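Order of the sequence lines fixes the chain letters, A, B, ..., with proteins taken first and strands second; residue numbering starts at 1 for each chain. In this text, all values refer to a predicted model and were calculated from it rather than measured experimentally.
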2 protein chains.
Amino acid sequence: MIYQEVYYGCMTTAPQPHHRIAFLLSQLGSDAASGFERALQALDITASDAGLLRLIGRDPGVSQRALSAQVGVGPSRIVAVLDRLEGRGLIERRRSRADRRIHEVVLTEEGERVLGNIRPLAEAHESAFTECLDVEEVELLQNLLARIADFRGLSLDVHAGTSTS
Amino acid sequence: MIYQEVYYGCMTTAPQPHHRIAFLLSQLGSDAASGFERALQALDITASDAGLLRLIGRDPGVSQRALSAQVGVGPSRIVAVLDRLEGRGLIERRRSRADRRIHEVVLTEEGERVLGNIRPLAEAHESAFTECLDVEEVELLQNLLARIADFRGLSLDVHAGTSTS
DNA sequence: TATTGTTATACTCTATAACTATA
DNA sequence: TATAGTTATAGAGTATAACAATA
């Protein structure tokens, strides 16, 4: 939560009472992110960890450099994060034989198990946001949000969800 | 941006392709918050600063303790933040004569001026999110988002926007 | 005794620059 | 020379505990 919390600090003084989509989005987005973090505490991992595990599960043997770029964590930071995940037995680092500079990162069996437990938590978390809407409203809302995201030039990575199932 | 960025790190691996409101919200919320930060750079303040200035403008003479509670920044952190704002000549601290433990925080003239410049930036920022929708869609979206926020138990502080105008 | 503002400390995340070993 | 991983360092934000002045 980088962005979310700062704007959130401004929450109690919304700029406009009638027309404040951006404000509502930042507030709800912050809530969604922190709620997801809270849900993942059941697995004793962070949302950032979950993203890493998904990427590694999708692309076994991926390099730390590639992970760093995809998850946006910085090449030096990724070292400590992977150290921790390796210490917990969720991932392993193997020297590539093609290019001995590279560490190929793979999931352990335990890592696969934890990864498999993320999806149901994510689905429950999703439900916690859409429970108060009916099916048509959810679809409508998703359509509106997707249009804004597209308008804002955000990459939605629509294919990501299917690759870890 | 606390929550936002962490969840955002998971962005490339959205849990569900078809039904992922929470994910979209966190993504758009992060974008909204960082965009607001960027807009405020024109005034050389952060979103957190903007929230503080609004609160002080609304309640001149407010104590640091009250500010800390309202903005969620922590009593010790607020000291450094106010030091910086005071160093820039945007606010002043005055010893309360009723209770000499209290610092009454007020805006300077320059602080009032900067505060007055926040609203147009916030409105422009708002437009950057709603430009791609027509009026009915904006109203519909706001209604859906407000219902989720209410369902999630988030305090919207509907009256805040009118008090600084 | 409790509270306000303050200082100090530790912990996390971020960003940057250097270092090593490989290529 | 360039790159992958690593280490070290400094900065910002958060949280906590302690302290002096005041109530």
Side-chain angles (χ1 to χ4, degrees), chain A residues 1-10 30 33-34 37 40-41 44-52 56 59 61-87 91-106, chain B residues 1-10 30 33-34 37 40-41 44-52 56 59 61-87 91-106:
Chain A
M1 203 123 323
I2 296 166
Y3 128 93
Q4 213 53 31
E5 295 296 332
V6 182
Y7 194 47
Y8 180 83
C10 200
S30 176
S34 60
E37 287 283 355
L40 287 174
Q41 285 178 3
D44 199 23
I45 59 175
T46 66
S48 175
D49 293 340
L52 271 177
I56 299 167
D59 183 16
V62 64
S63 72
Q64 298 189 188
R65 221 61 194 201
L67 284 176
S68 165
Q70 285 176 281
V71 88
V73 170
S76 61
R77 177 69 190 148
I78 211 87
V79 175
V81 175
L82 290 180
D83 281 349
R84 182 167 44 79
L85 293 178
E86 194 167 29
I91 61 123
E92 272 181 23
R93 282 188 259 220
R94 299 177 183 160
R95 277 284 172 205
S96 166
R97 286 193 288 186
D99 183 341
R100 290 178 41 75
R101 295 173 298 182
I102 287 179
H103 275 164
E104 294 174 350
V105 184
V106 294
Chain B
M1 223 98 337
I2 296 166
Y3 128 93
Q4 212 55 30
E5 294 297 333
V6 184
Y7 194 43
Y8 180 83
C10 200
S30 175
S34 60
E37 287 283 355
L40 287 174
Q41 284 178 3
D44 199 23
I45 60 174
T46 66
S48 175
D49 293 339
L52 271 177
I56 299 166
D59 183 16
V62 63
S63 72
Q64 299 188 188
R65 222 61 194 200
L67 283 176
S68 164
Q70 285 176 278
V71 89
V73 170
S76 61
R77 176 70 191 145
I78 210 86
V79 175
V81 175
L82 289 180
D83 282 350
R84 180 166 45 80
L85 292 178
E86 194 168 30
I91 63 124
E92 273 180 23
R93 284 188 257 219
R94 299 177 182 159
R95 277 283 172 204
S96 166
R97 287 194 289 187
D99 184 340
R100 292 179 40 77
R101 294 173 301 182
I102 288 180
H103 274 164
E104 294 173 349
V105 184
V106 294

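The distance from atom CD of E104(B) to atom C1' of dT3(C) is 16 Å, rounded to the nearest whole Å. Atom pair L67(B):CG and dT6(C):C1' shows a separation of 16 Å (rounding to whole Å applied). Atom P of nucleotide dA12(D) and atom CG of D49(B) are separated by 13 Å, given to the nearest angstrom. At whole-Å resolution of the value, CD1 in I102(B) and P in dA2(C) are 18 Å apart.
Between the CD atom in E86(B) and the NE2 atom in H103(B) there is a gap of 8.5 Å [rounded to 0.5 Å]. Taking CD1 from I45(A) and CD from E37(A), the interatomic distance works out to 9.5 Å, rounded to the nearest 0.5 Å. Rounded to the nearest 0.5 angstrom, S48(A) OG and L85(A) CG are separated by 8.5 Å. In this structure, I91(B) CD1 and L52(B) CG are separated by 8.5 Å, a value rounded to the nearest 0.5 Å.
By the neighbour-count criterion of 12 heavy atoms within 6.0 Å, atom CZ of R84(A) is densely surrounded, having more than that number from other residues, nucleotides or ligands.
Mapping G72(B) and R93(A) onto DNA chain D via the closest heavy atom, the residue that lands nearer the 5' end is R93(A).
A salt bridge (Lys or Arg N to Asp or Glu O under 4.0 Å) check over residues 70-83 of chain A, counting only residues at least two apart or in different chains, returns the pairs D83(A)-R93(A).
Of the N and O atoms on the side chains of D49(A) and T46(A), at least one donor lies less than 3.5 Å from an acceptor on the other residue.
Listed for the S68(B) side chain is no donor-acceptor partner under 3.5 Å among the backbone atoms of Q64(B).
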In 5'-to-3' order, the base (B), backbone-only (S) or no-contact (-) status of each nucleotide in nucleotides 18-23 of chain D, using a 4.0 angstrom heavy-atom cut-off, is ---BBS
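Applying a 4.0 Å cut-off to non-hydrogen atoms, the residues of residues 74-84 of chain B that approach DNA chain D are S76(B), R77(B), listed by residue number.
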